[in-house]
Amino acid sequence: MSVLSVSNLSKSFGGVDAVRDVSFALGAAEFLALIGPNGAGKTTCFNMLNGYIRPDRGSVTLEGVELVGRKPRAVWRMGVGRTFQITQTFPSMTVRENVQMALISHHRRTLNMTRRATRLYAEEADTLLARVGMAEEAARPCAELAYGDLKRLELAIALAHRPKVLLMDEPTAGMAPSERIALMALTGEIIKSEGVSVLFTEHDMDVVFTHAHRILVLNRGTLIAEGTGPEIRANPMVQEVYLGGGTVFKGEANDA
Amino acid sequence: MGFYFAQFLTGLANASSLFLIASGLSIIFGVTRIVNFAHGSLYMLGAYFAYTLITTLDAGGFGFWTGVILAALIVAVIGAVIEILVLRRIYRAPELFQLVATFGVLLIIQDVTLAIWGAEDLLGPRAPGLSRAVRIFGEPIPEYDIALIIIGPVVLGLIWLLFSRTRWGVLVRAATQDREMVGALGVNQRWLFTSAFMVGAFLAGLGGALQVPRESVSLLMDLSIIGEAFVVVVIGGMGSVTGAFVAAVIISVLNAFGVLVFPQISLVLPFLVMAVVLIVRPYGLFGTAASAHGPPTVPEAPMKPMSIAGIAVVAAAVALVALLPRLDDGFILVLMIDVLIAMLFAASLHFLMGVGGMVSFGHAAYFGLGAYAAALAVKALGLPMLAAMAFGPLVAALGAMIFGWFCVRLSGVYLAMLTLAAAQILWGVTFQWQSVTGGDDGILGVWPARWASSKPAFFYLALVLSVAGLVLIRHLAHSPFGYVLRGGRDSPIRTEAIGIDLRAHQWLGFILAGAFAGLAGVLFAFSKGSVFPDALSIGQSIDGLIMVLLGGVQALIGPIFGASAFVLLEDYISRLDYWRAILGGVILVIVLAAPNGIAGGLSGLWQLVRGGRKTGERA
Amino acid sequence: MLTRRELQMALAAAIIAAPFAGGAAHAQDPIKIGEMNSYTRMAAFTEPYRKGWELALEEINANGGINGRPLEIISRDDTGDPAAAIRIAEELVNRDEVVMLFGGFLSNIGLALADFANQNQIFYLASEPLTDAIVWSNGNKYTYRLRPSNWMQTGMLAAEAAKLDATKWATIAPNYAYGTDAVAAFKEQLKALKPDVEFVEEQWPTLFKIDAGSTVRALEQSKPDAIFNVTFGGDLAKFVREGSIRGLFDDRPVVSLLSGEPEYLDPLGDEAPEGWIVTGYPGLAVNTPEHDAFETAYVDKWGEAPKTGSVVGYNSMMTIKTLLEQTPSLETDDLLATMSGLEVDSPTGPFFYRPADHQATMGAYVGKTGMVDGKPGMVDWVYADGADFLPSEEDAAKMRPAE
Ligand SMILES: Nc1ncnc2c1ncn2[C@@H]1O[C@H](COP(=O)(O)OP(=O)(O)O)[C@@H](O)[C@H]1O
Ligand SMILES: [Mg+2]
């Protein structure tokens, strides 16, 4: 049974179709990749899934409940967590405090004015940080973190609300290859242990083919293929898009 | 019919003057993201130089126009000097720094101008060949007005040509839209910024020079134009020259007809229009979201709770201060009461800006509301002092609730400008509503109750309330709510993405900051015995900004240092001649040499002494 | 680290406090008097005033001071902010222990100081503020005022205006208390003298931000027989320019408050309007023996002609001199008792301080604007004694709050 269903999602910016009639489903505990060249519309898709952008048409349902028209914070409350292509953390807080913030919100204590924030949910935060392998960095200022660590921190933040669905926009961009493998392996484990469903975008095809259960291919806003790794590799349209465009499957990290 | 057309033309002539100064301000903001408070000073200098040149050249039309252009060029050069000496060093600093730094420049220019040209107004000659009126539909229209009506659009056209036909213009537009891109283009950013500032200064100088035939040149020109110039830029959309033109026309024409219906309207009209425009179109008529923010700033270090030893030292310091009445020579307590009030006011502003990331250029609104509410509670409602003291912060919070609801919908400079508009509208109301507020004659006789009327008694009252306020604010900053505000400042996107209704929290933060400012205002009212519209003037808001900056934006303890330093400094230097220039100089030195303020400077110094311990710890 | 930082704060507080300790006054010291005015904010108006009192101070001390004790004036800039003025007053009174305060130009600062004087039981001589409230609706035991007030000067003008063949009037005044008070006082007094007058238009430009073109046109549209003006400074210059170019003043008398004062008139240069009925000060043209002596000394010392402020500053010091010579002691109660009805000789003639409302009867000059030796000045002027334009002392006393 699918957790997240997307149907006929469309968005255009000033007449240019960024995303057109995209439909797909994300199954329970599924690790689904959304790939496509730069500007294909991946981030725009994500933005529509979690409420940043209102789609022109289409619907997104989480376990049968419509998400379109809800604010990002409401979508988050319903169980859709997100990491960002350009990381979004709180640089003037420590790593632990970053996670504590998410926990404070999770426990609906954001209006509390009497307690000391750093004393709330510290252990829970440390558990989450340990989960993503950042227990050591807990006390460091977030502003000092390397890019890869920020991505892992975002993962910990996203897990704080025990999401049903996790959207990860280019989680490994800016990481060394070994780090990429490690992060995706970690995500895979989390999927298994928590039963969360993950939709992610990624440029490193090795990563995609190694970890994704299924792959969606987006080109110029349209979904052109859908299938398992071998199916996608063999798909002539996909080859056309990637090879015909002069790009190899690798090396598009760090776009904006 | 002829009458209304003539009134329309009068409006257009004013619009041209306003456009010239606003367009320069807008260009400077667009390229450098600097809110240039000294722009009015450049305008004033343009007028003074033009006066001197025109009266010395004295060669008819040629001399006049040469004088005007030369004056504008001189001002452009002065602009370049200011940019190179001051602004160039603080582009990466938060908005507040640039505002306060340019305010320092304004103070210096005020005194330099006074020293050079003297205090008396100077009335220059009318424009040769344009000194009479022509009749249009039977109505007399000054020829010079017609010249201005033509000059405005001509300058707009020239700017347009400059922007669209030259490489420089393309770069300026690129910089206005996307700062990072200019860096990527490999352009010499320094040169671009300096030249943009020069063009802006030239336009301000030209605007001032062209005023010579219309009004006498005076030392009040700088402050009297700057508010309206800001308004025009904001309404038009910061960075948009076309927007500035449209906005100048709207404001001037509305005013020309407004005075026919409601002669007192000029006082608040520009700010009313600005507030309405910002509520309907948050980035002004022609502005874009990208233009709202300055450069990203260096994040502050994580907050630390106060150590036991720290608490002990603070307690000792408070105890020491509490002993001051024993040392009193009749004035220390008075000064200390002012310091305590300033601390609370600055801390409330810092809570809003430093913690919440909501830069307010109009925080005095809530200080003043508290002061007026307390004064009216005593004089009109006949409440006793303590009840009035509770009433003040409530009213201030109510005001903050109303204005804050609109303000938190915006961010960056637009938020700052809407807070300014709110404060100016309130100022206009207190100024105008004489039957209730006494207008600028204020409310008198707001002295403390008998038990608190001795200096030591009132000092202790102020000490208790201020310290309680400071402790509460500090506590709030460390609470989950305070963390949410800091989170919203650091990353609004992330805050929303973890399920937090940021606006609601910011709104509440705004209200709390207003209430604390109101408490400071209440103490102020009873300590001075009277309240005047000055309590919610731009000047009071700027004082607060200077205090926060002096103390250090990134430290909760900053406002305490900043307020003490500012009050003591101001009290001391106002005894000297040319104290404004001295104050301006001190501000510039702090901004340039100690951008982390006194708190930052002290902790830096301490770390030097301790031999390079790890940096970045803050209270 | 925080601990140390807080320690430093405590140290800073101690250092700040140190220089303020100690220093009480001794009996042989000069008589200290506190003075303040808006020297930076209103430089053009307060400079002549400062020169006036400095001249008088020099003369007094050159003649041996007061009963052998020199006078010392501690002069401060109130920065144009009432709150700062209060703080400075606190320092002057409580630390410097001055025997009295004088000065002030802006009405709101004058009112704040008067209220302060009342609260702190110190004598305050309000030199320049014009507001009627300072002696009437907000009058108090501790405050006296020197300069002819709003009411007095508008009364002088109303007397002249009543003689004109004009019934439809328009008014223009800056939009703040001084402007509104002046218009109200003028209306009331003119109506009393000439009940058939009608006020057909009012304009209230923002102080120092007049949109002169629009304002002039709005006045013109109402086709008044005459105009009453209260604008001054830069506003007046703009108003005169825009008004004359648009023909507003053609065949239309203008009655204008204070515009005959050199502070207001000089900057207009050869564009100064001619024939306006004004209150003011003719400066060097006043030829009484008292004035000639003052005039010579002033020109010798400062190299320029005296202005209105010079006279006010000088007369403030003359008041203080007379007061200190007559008072039995420097105690506030004695000073106040001596002030009541105190008669003072001055360059502009003798005047006295009315016991009932604490207003001096110093007058002003009423005349017309015109060119004098190629410079703008007053012509056809007369000295109007302030006493003639004040309500009776009984009536005035009724306007004051009960003590
Ligand atoms: N806010 C926006 N306004 C206009 N165009 C946009 C906006 N966001 C994205 N686009 C355009 O939509 C297309 C898809 O962008 P995006 O979703 O970021 O692609 P991807 O993430 O696949 O690289 C691109 O052409 C991009 O320029
Ligand atoms: Mg993307």
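A, B, ... follow the sequence lines: proteins, then strands. Residue 1 opens every chain.
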Check: B/Asp534 side chain, C/Asp81 main-chain N or O, donor-acceptor pair, under 3.5 Å: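 Side chain of B/Asp534 to backbone of C/Asp81: no pair is present.
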Under 3.5 Å: donor-acceptor pair, side chain of B/Asp329, backbone of C/Arg95: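 Not a single qualifying donor-acceptor pair exists.
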For residues [X] and [Y], report the shortest heavy-atom separation together with the two atoms involved.
X        : Y        : answer
C/Ser107 : B/Asp441 : CB-OD1, 4.0 Å
C/Pro267 : B/Leu123 : O-CB, 3.1 Å
B/Phe331 : C/Arg87  : CE1-O, 3.4 Å
C/Phe208 : B/Ser224 : O-CB, 3.8 Å
B/Phe431 : C/Asn175 : CE2-O, 2.9 Å
C/Arg217 : B/Pro140 : NH1-O, 4.1 Å

Between [X] and chain C, which part of the residue has a heavy atom less than 4.5 Å away: side chain, backbone, both or neither?
X        : result
B/Leu220 : side chain
B/Asp338 : side chain
B/Gln7   : both
B/Val259 : both
B/Arg132 : backbone
B/Ser131 : backbone
B/Gln432 : side chain
B/Asp121 : both
B/Phe262 : neither

Checking [X] against chain B: side chain, backbone, both or neither under 4.5 Å from a heavy atom?
X        : result
C/Glu47  : neither
C/Asn138 : side chain
C/Phe116 : both
C/Ser75  : neither
C/Thr131 : side chain
C/Asp235 : neither

Close side-chain approach of C/Glu90 to B/Ile337, heavy-atom, < 4.5 Å: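 C/Glu90 does not reach B/Ile337 side chain to side chain.
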Straight-line distance of [X] [atom1] to [Y] [atom2], nearest 0.5 Å:
X        : Y        : atom1 : atom2 : answer
C/Asn94  : B/Leu333 : CG    : CG    : 9.5 Å
C/Asp211 : B/Thr10  : CG    : OG1   : 7.5 Å
B/Glu570 : C/Thr79  : CD    : OG1   : 6.5 Å
C/Ile86  : B/Phe532 : CD1   : CZ    : 7.0 Å
B/Asn255 : C/Lys209 : CG    : NZ    : 11.0 Å
C/Ile88  : B/Arg575 : CD1   : CZ    : 8.0 Å

Pairing residues for C/Pro262 by the side chain to side chain contact (heavy atoms under 4.5 Å, CB included) criterion, not counting sequence neighbours: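 Partners of C/Pro262 under the side chain to side chain contact (heavy atoms under 4.5 Å, CB included) test: C/Asp266, C/Tyr281, C/Lys307, C/Thr308.
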Results of side chain to side chain contact (heavy atoms under 4.5 Å, CB included) for B/Ala581 - residues two or more places apart only: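 Testing B/Ala581 for side chain to side chain contact (heavy atoms under 4.5 Å, CB included), a comparison that skips the adjacent residues, returns B/Asp111.
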Which one, [options], leads in non-hydrogen pairs under 4.5 Å with chain B?
options                                : result
C/Gly213, C/Gly110, C/Ala112, C/Ser222 : C/Ala112
C/Glu271, C/Glu220, C/Glu263, C/Arg41  : C/Glu271
C/Lys238, C/Glu242, C/Glu91            : C/Glu91
C/Arg76, C/Arg241, C/Glu201, C/Gln221  : C/Arg241

Report the option among [options] that has the most heavy-atom pairs separated by less than 4.5 Å from atoms of chain C.
options                                : result
B/Glu143, B/Lys455, B/Gln110           : B/Lys455
B/Trp447, B/Trp579, B/Tyr578           : B/Trp447
B/Ala256, B/Ser537, B/Gly439           : B/Ala256
B/Ser530, B/Pro533, B/Gly442, B/Gly445 : B/Gly445

Residue B/Leu323 excluded, over 12 heavy atoms near CG under 6.0 Å: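 Yes, CG of B/Leu323 has more than 12 neighbouring heavy atoms, counting only those of other groups under 6.0 Å.
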Presence of salt bridge, B/Arg580 and C/Asp77, under 4.0 angstrom: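 Answer for the salt bridge query: no.
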